[in-house]
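See below for the structure under consideration.
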Amino acid sequence: MVKAFACNTTQSMYIIDYYRQEFIYVSEIPFFLCGYSAEKVKELGYRFYVGQIPPEEIPALREIVKSGRLFYSRFSSQEKKRYTLSSYFHLKKGGGKILINHKFTPFTFKEEKIWLGVCSVSMSTHDHLKNPEILVNGHVEWRFCLESLKWKRHPMKELTDKEKDILYFPPRGIR
């Protein structure tokens with residue numbers, strides 16, 4: 001099913017096994033692969049990241065993963081599925097690096113702990129590192145502060161009818 005979904009998006013997709021620290025599936029979209037084949041990335045599993053993330057960003061990423069697990073631990077398995085952890089980091093690409101947006105959503109659990117999760121990787125729309133966020137239905141609900149190491153609630157702002165109309169214009173064309 002994920003393979004079929006991956007064919008319909010420009011994002012790189014993969015399924016992660018938290019217990020084994022393996023990738024069960026890796027899409028063929030070359031963006032995330034950093035010059036490797038999907039099969040090689042799958043074989044490397046978590047080690048792929050160690051080789052592709054700039055060393056100075058690894059400590060912060062470890063803290064994000066740890067804090068994300070603590071965040072998810074507060075909820076039942078069914079509730080955990082509602083939350084997506086969105087984080088930003090660089091991948092080495094050629095002689096430089098690119099900023100990506102990495103999203104993780106858990107979907108299978110073992111004894112209330114995350115077992116499998118689906119991940120998507122896309123080019124970041126930002127030009128700098130950004131604090132991780134927890135999304136619900138695509139909306140930011142929580143932001144993680146790397147200084148205080150705490151999740152802070154981020155109430156969603158309701159759009160006015162005029163703001164909603166403005167957002168609808170580009171896809172439909174202004175009439």
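Heavy-atom basis, side chains included; hydrogens, waters and symmetry copies ignored.
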Looking at every non-hydrogen atom in both residues, tell me the closest pair between [X] and [Y] and how far apart they are.
X	Y	value
Ile16	Cys119	CG2-SG, 4.0 Å
Lys80	Phe109	CD-CE2, 3.4 Å
Asp127	Leu99	C-CD2, 4.0 Å
Lys81	Thr105	O-CG2, 3.7 Å
Tyr25	Ser27	OH-CA, 3.4 Å

Can Lys93 and His90 be said to form a side-chain contact (heavy atoms from CB on, under 4.5 Å), step by step? CA-CA 9 Å; Lys93 191 93 168 179; His90 289 97; over 6 Å; no
Just grab all the salt bridge (Lys or Arg N to Asp or Glu O under 4.0 Å) pairs involving residues 46-60, residues at least two apart or on different chains. Glu56-Lys97
Verify the cluster assignment for [X] and [Y]: are they in a single hydrophobic cluster under the rule of side-chain heavy atoms below 4.5 Å apart?
X	Y	result
Val136	Ile64	yes
Leu70	Trp142	no
Val50	Ile98	no
Leu61	Phe32	yes
Leu135	Phe89	no

Does [X] reach the side chain of [Y], with side-chain heavy atoms less than 4.5 Å apart?
X	Y	result
Tyr72	Ile114	yes
Phe104	Tyr18	yes
Cys34	Leu91	yes
Thr84	Ile134	no
Gln52	Tyr36	yes
Glu79	Ser76	yes
Phe23	Asp17	no

At what distance, to the nearest 0.5 angstrom, does [atom1] of [X] lie from [atom2] of [Y]?
X	Y	atom1	atom2	value
Met13	Lys103	CE	NZ	10.5 Å
Leu33	Lys42	CG	NZ	13.0 Å
Ile53	Ile58	CD1	CD1	6.0 Å
Lys130	Ser124	NZ	OG	7.5 Å
Leu44	Glu39	CG	CD	10.5 Å

Counting heavy atoms not belonging to Lys113, are there more than 12 under 6.0 Å from its NZ? no
Using a cut-off of 6.0 Å, state whether more than 12 heavy atoms not belonging to Arg62 lie near its atom CZ. no
So among Ser86, Ser87, Ser120, which one has a side-chain hydrogen bond (donor to acceptor under 3.5 Å, both in side chains) with Asn101? Ser86
Before giving the answer on side-chain contact (heavy atoms from CB on, under 4.5 Å), spell out for Ile29 and Gln11 the whole-Å C-alpha distance, their side-chain angles and the decisive distance to 0.1 Å. CA-CA 7 Å; Ile29 296 173; Gln11 297 181 6; 5.9 Å; no
Please lay out, stage by stage, how Tyr88 and His102 fare under the test ring pair (Phe, Tyr, Trp, His ring centres under 6.0 Å). CA-CA 6 Å; Tyr88 300 83; His102 181 277; over 10 Å; no
Do Lys40 and Glu43 sit within salt-bridge range, that is, some charged N less than 4.0 Å from a carboxylate O? yes
Worked verdict on Leu116 versus Lys110 for side-chain contact (heavy atoms from CB on, under 4.5 Å): CA-CA 9 Å; Leu116 302 177; Lys110 197 178 212 176; over 6 Å; no
Where the side chain of Glu133 meets the backbone of Glu141, is there a donor-acceptor pair that is under 3.5 Å apart? no
Look at the aromatic rings of Phe71 and Tyr83 and report parallel, tilted or perpendicular, splitting at 30° and 60°. perpendicular
Please determine whether ring pair (Phe, Tyr, Trp, His ring centres under 6.0 Å) holds for the pair Phe144 and Trp151, giving the CA-CA distance in whole Å, both sets of side-chain angles, and the decisive distance to 0.1 Å. CA-CA 4 Å; Phe144 185 70; Trp151 288 101; 5.0 Å; yes
